[in-house]
2 protein chains.
Amino acid sequence: MTTISDVARLAEVSVATVSRYLNESGYVGAKSRQSIETAIKELNYVPSEVARSLSTKQSDIIGLIIPDIKNPFFPELARAVEDTAFEYGYTVILCNSDENPTKEKHYLQKLTKKYVAGIILTTILEQESHWKDVKLPIVALDRPIDSDVPTVTTNNQKGAKLATDFLIACGATNLLCISGPEAFVSSQSRVEGFQTASRKKNITTHIIESAYDFDIAEKIIYDYLKNNPSVDGIFACSDASAIGALKAAHRLGIRVPEDMQIVGFDGIQVGNVVTPSLTTVAQNIYQLGQTAAKLLIKQIEGQKLTNESICIDPELIIRETTRKERFE
Amino acid sequence: MTTISDVARLAEVSVATVSRYLNESGYVGAKSRQSIETAIKELNYVPSEVARSLSTKQSDIIGLIIPDIKNPFFPELARAVEDTAFEYGYTVILCNSDENPTKEKHYLQKLTKKYVAGIILTTILEQESHWKDVKLPIVALDRPIDSDVPTVTTNNQKGAKLATDFLIACGATNLLCISGPEAFVSSQSRVEGFQTASRKKNITTHIIESAYDFDIAEKIIYDYLKNNPSVDGIFACSDASAIGALKAAHRLGIRVPEDMQIVGFDGIQVGNVVTPSLTTVAQNIYQLGQTAAKLLIKQIEGQKLTNESICIDPELIIRETTRKERFE
DNA sequence: TTGTATGCGTTATCAG
DNA sequence: CTGATAACGCATACAA
């Protein structure tokens, strides 16, 4: 590994000058510049980011802590973060927390040790606050953690309202809402949206809870529908549950969308590949990640944007599990 | 940020002793140990990995270069790598190359600058060899890059043979193979497996190529099937193409599996959620990632295992796009 | 068993 | 415009 002093020696200047050249800080004469450039080429020199990091106490690494990259919601998010990081010259470390406080804490510490420039955090742990110890720039993604921390989320309530209104417009009157785990603020907001939209004449509502998981949701919904065959519309707080609902309906011989309509939430790819394809409230996942990354980088590069929070509108994507045409 | 000398001062020992304590290298007396421990607690000291890295020229960061985390094959792979890294105390930097040589080269260099401990690489660029410049430990994943480099792959040929044999056993006689891009060695192997298995009496075969992409595959296959309605069995070299085939068949009014059977390759989650669910040759994706990570870490921690390559057997998962029962 | 001194590759300060 | 030189935080050879 060739170092800055090798370059300096070959170029017959001092390391200081080379450093200045490298960072475009301070002056460096024309001939110095020349010889430095050729020396660098000659030696195939690549500066050590580690040494630079030690000296400046900064780095170009961003930590991304998410529950699980296998969860279909996160690959696109991660990709957006990585793309944006790449664009601004940063690099991202991927951490899967499994919603596990211990693991999360571990990563937080590990990232701190590495002088990472900042952290993007997707966590449900509102009350816990290990993240308060870290002095680094943080952005909360998808799930707010504290009013102090800049946050990027989807407008969940609005999305849920969109879905429910649509379900009703399509003729559903007996609505079942599949909420997510109680700990998810996002799920709560979706349920609220559902409730305000369904508070109408002639609309019956039920709410049950399920994990955001195909199989678990399928079982729960299967049992529920067996005992409540009059349900004719489902708003699921996640596409995973929506697909579970679809399967449950299939097993029960309930035709979708003829006998029962379904609207999901998230906009993950699978929704489009399932049969019938899923009508859903799509979060703008890519934009979510991109915005979070940009917000973080802004912070890293100086600005102190406390309290800045961004809420992104989701979009209703009408596919085959609803039958709007009948009512238009 | 508190440093090792803060600890030394408070514990009234030298930094060397603290360092020894930290790394469990060399001796450190009982009372020294005591005071150091309390000092560390007291100060909430966390060693700087950057400084350590500079000093030792090592790090605990692993670079993972994949084409695109959004591609449904990679999240599980990434997760496996990350889990294994975590287990051994490493951390992973995620890089999406988009199969783009320039981007790939960029990442390779960037990772080198960071003194990463090693790199796991999924690339198709056999002939290109920017990776030869990097002296770091490397493991090729999913796609071999050179006989010098330890490689972890699925036994593609065997898997393809498995699929094709099964298709024939299920009564298909007019077989269409959807290959992947020519540049993928893995795809080539699968096609070979298909060919050796279908070289039998009374079996007709066709081979067409498609990108590993739902929509592209759907179009290509739709066109092909329209002109070749006698095809009664499809072996797709990826689940993505298989699902494309499913959709194409659906649009053409071809019933699956009654009129035509389909077997995919990969074993990604969507295959199980599509209707009818996809019979496929499932790669052991998690094991693939895990093995690669372990191999890399072995290398990092001393061993020079050149030429060590591991080939993992895939498994046929029988679901609803085939109709074995008729022939058992 | 412990401490001193030096190096790791850069940045940055401060005289020239 | 340029060059010594002191940090940065830690590891380690060498002394003690």
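Note that the structure is a prediction, hence the values are computed from the model and not measured. Per chain, numbering begins at 1; letters A, B, ... match sequence-line order.
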Study note, to complete from the structure: Side-chain atoms of R20(A) come closest, of dT2(D), dT12(D), dT10(C), to dT2(D)
Review point. In whole angstrom, what separates L54(B)'s CG from dA7(D)'s C1'?
Key: 13 Å
**Study point:** Charged N-O contact under 4.0 Å between D60(A) and K114(B)
**Key:** yes
Check your understanding: Roughly, in whole Å, what's the span from CD in E49(A) to C1' in dT10(C)?
Key -> 12 Å
Practice item. State which of dG3(C), dG3(D), dT11(C) makes the closest approach to the side chain of T17(B). Key: dG3(C)
Exercise for review: Classify the nucleic acid contact of V50(A) as base, sugar-phosphate or nothing, counting any heavy atom under 4.0 Å across all strands shown.
Suggested key: nothing
Review point. Looking at the side chain of A51(A), which of dT2(D), dT2(C), dG9(C) is the nearest nucleotide?
Key: dG9(C)
Check your understanding: Taking the side chain from S55(A) and the backbone from A51(A), do they hold a donor-acceptor pair closer than 3.5 Å?
Key -> no
Review point. Hey, does the side chain of S32(A) come within less than 4.0 Å of dT2(D)'s phosphate (OP1/OP2), counting only N and O?
Key: yes
Check your understanding: Using 30° and 60° as the class limits, which term best fits the ring planes of F86(B) and Y107(A): parallel, tilted or perpendicular?
Key -> tilted
Review point. Under 4.0 Å between a Lys/Arg side-chain N and an Asp/Glu carboxylate O for E76(B) and K70(A)?
Key: no
Study note, to complete from the structure: Whole-Å distance, Q58(A) CD to dG9(D) P, equals 14 Å
Review point. Of the nucleotides dG9(D), dC1(D), dT10(C), which one has an atom closest to the side chain of K57(A)?
Key: dG9(D)
Check your understanding: Nearest-Å distance, CD1 (I4(B)) to P (dC8(C))?
Key -> 19 Å
